[in-house]
Student: 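Below is one structure. I have some questions about it.
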Amino acid sequence: MRMQTPSPYEQTLGEHLRSQGISRRSFLKFCGLLASSMALAPSMIPKIAEALEQAKRPSVIWLSFQECTGCTESLTRSHSPSLEGLIFDAISLDYHHTLQAASGDAAEHAREEAMKEHYGKYVLVVDGSIPLDNPGYSTIAGISNLDMLKEAAAGAAAIIAVGTCAAYGGLPKADPNPTGAVSVSDIIKDKPIINVPGCPPIPVVITGVIAHFLTFGLPELDSLGRPKAFYGQSIHDRCYRRPFYERGLFAETFDDEGAKAGWCLYKLGCKGPVTYNACATTKWNDGTSFPIESGHGCIGCSEPNFWDFGGFYKALSIPTGASGKNAVYAAAAGIAAGVAIGAMNKKSKAEAASSHQTVTVEELNQESGS
Amino acid sequence: MSLNDIPVRPATVVTGNLRPVLHEIRHALSELMAHGTHGMIDLHSLPFSSQEYAALDEFLGEGEIDLTLNVLGKTRLRESGYAGVWRIEHFDDNDKRIGYFIEIGHVPEILRSQCDDIKEGLAAMTTILAMEEDNNEDANT
């Protein structure tokens, strides 16, 4: 009997993966890894397998505005066959002006066709912020980012704001925000928006959110619109160096004995305690490590306004400008305060953001004893 | 100069997660005995130091079975010294470990033949046997 091959849009994800030579055992492995990446209980694996098997391949329209293409690089540079690669290959990416072969009118025609054919059903992915000061700051095919976003959002089932620029304004919005950059959620108010911040976001988090949307619908979000499955815990909570923090063992410079022994980087400006992301568990570069594991503090890139925190190398509980012994006292107070430190850090973060002091070479080489 | 020449020697670290995981395994094993419940623990997203991984390995010990599957990269299934407790390690094509589960059951789920595959296999076998019988009948006439 000859089986009729379904058209790509009628294919389920399970069918698509099998047509790519992925066996059911491989599919089960894939679902196990997916559950792990989404921080779901392993008991959810059969449910994910069942839901993914039946899910239709989604049409995805990807719009890039004021961005550096780092988010796309993050996703496409992952090694294959990676989990994120498999999911990314399983979607029908109908428009992405950096990746697609078509250009000019043909590219824009592909976008318009996809929007028309899948109106109300497609997933809109946006990376980059939107300039409001002057529409001419960023355009695609002569269309302003604002107009293109509004038009594409109207027919989307959901919007995924990928990267801190799309989620919160990011680097373009950093003080003094010369283009009047805003986030997707500042403009679109009538569609579900899932923020996937990070500079760039972890690739499997980007695809994991798409997979979650396909299997279980909209994920549960935190107060900043981020999926709790990936952004539910702080870097600090999951950091393997946390036991050193608890014991008050800190690196004071980037090359002292504490740094060589892998002690906590809190006093070197690590923003782990106020940063919510999955880096400490999912890691980067094929699971090799994450910044703290490589000896550098977290810079807080998945948080709003992280460029204006007051300096990547300023310890969190230290008000901008404080250094030397004050840093030691502030850190010690932080340990003693326990949970209260979170509120303290948020306050200092806000203060730092408003004062927006620049970082000097001396601060980069800060030594607590100086 | 190799990486080993760089004078970075991480101090011993204890996350405190090993003991709870060992008790979770024991609890899952008793559930398997009492109710036949299949259990699974995802170790990949737990903060674990290399020392704690080593201690876990030592605690679990080695059993009789050590299998490697070729599914989207390698997957290694090892029964521990405690029957019914399995280590499942998933690797990518570059042999990097991308998933690590402890599974508590008679056989790891991924090893079982999948129902849909059995169904398709049965259909294929039935078709082949029918075709062979048709061919034999044709040859005999």
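Basis for what follows: all heavy atoms, side chains included, without hydrogens, waters or symmetry-related copies. Here is the naming used below: chain letters follow the sequence lines, and residue numbers restart at 1 for every chain.
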Student: Is it the side chain or the backbone of B:Glu52 that comes within 4.5 Å of chain A heavy atoms, both, or neither?
Tutor: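 For B:Glu52, there is no contact with chain A at all, as no heavy atom is under 4.5 Å.
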
Student: Write down the atom of B:Ile98, the atom of A:Leu33, and the distance for their closest heavy-atom approach.
Tutor: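 Closest approach of B:Ile98 to A:Leu33, heavy atoms only: O-CD2, 3.4 Å.
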
Student: Counting only non-hydrogen atoms closer than 4.5 Å, does B:Thr75 touch chain A with its backbone (N, CA, C, O), its side chain (CB onward), both, or neither?
Tutor: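 Both backbone and side chain.
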
Student: Donor-acceptor check, side chain of A:Lys29 to backbone of B:Leu72, threshold 3.5 angstrom: yes or no?
Tutor: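 Such a contact is found between A:Lys29 side chain and B:Leu72 backbone.
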
Student: Given a strict heavy-atom distance threshold of 4.5 Å, which part of B:Asp116 is in contact with chain A: side chain, backbone, both, or neither?
Tutor: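 Contact with chain A is through both the backbone and side chain of B:Asp116.
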
Student: In Å and rounded to the nearest 0.5 Å, what is the CZ to SG distance from A:Arg24 to B:Cys115?
Tutor: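 Here the rounded value is 10.0 Å.
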
Student: Could you pull out all residues at least two apart from A:Ala51 that satisfy side-chain contact (heavy atoms from CB on, under 4.5 Å)?
Tutor: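 side-chain contact (heavy atoms from CB on, under 4.5 Å) list for A:Ala51, sorted by chain: A:Thr215.
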
Student: Counting only non-hydrogen atoms closer than 4.5 Å, can you tell me which residues of residues 99-112 of chain B sit against chain A?
Tutor: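 Expected list: B:Gly99, B:Phe101, B:Glu109, B:Ile110, B:Leu111, B:Arg112.
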
Student: Give, as side chain, backbone, both or neither, the part of B:Thr127 having an atom under 4.5 angstrom from any heavy atom of chain A.
Tutor: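 Neither part.
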
Student: Please determine whether the number of non-hydrogen atoms from other residues, nucleotides or ligands lying under 6.0 Å from atom CD of A:Glu220 exceeds 12.
Tutor: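 Result for CD/A:Glu220: open.
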
Student: May I ask you to name which of A:Ala35, A:Ala278, A:Ser36, A:Pro243 has the most heavy-atom pairs under 4.5 Å with chain B?
Tutor: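 Sorted descending by pairs with chain B, the first entry is A:Ser36.
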
Student: Can you check whether B:His44 reaches A:Thr281 side chain to side chain, under 4.5 Å on heavy atoms?
Tutor: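 B:His44 vs A:Thr281: side chains apart.
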
Student: Below 4.5 Å from any heavy atom of chain B, which atoms of A:Arg25 appear? Answer side chain, backbone, both or neither.
Tutor: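 Both backbone and side chain.
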
Student: Pair A:Arg242, B:Thr15 - check side chain to side chain contact (heavy atoms under 4.5 Å, CB included), show working.
Tutor: CA-CA 8 Å; A:Arg242 179 149 181 173; B:Thr15 65; over 6 Å; no

Student: How about A:Lys283: does its NZ atom have over 12 heavy atoms from other parts shown lying under 6.0 Å from it?
Tutor: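 More than 12 within 6.0 Å, yes.
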
Student: Is the count of non-hydrogen atoms from other residues, nucleotides or ligands lying under 6.0 Å from B:Glu62 atom CD greater than 12?
Tutor: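 Yes - once you tally the heavy atoms of other residues, nucleotides and ligands closer than 6.0 Å, there are more than 12.
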
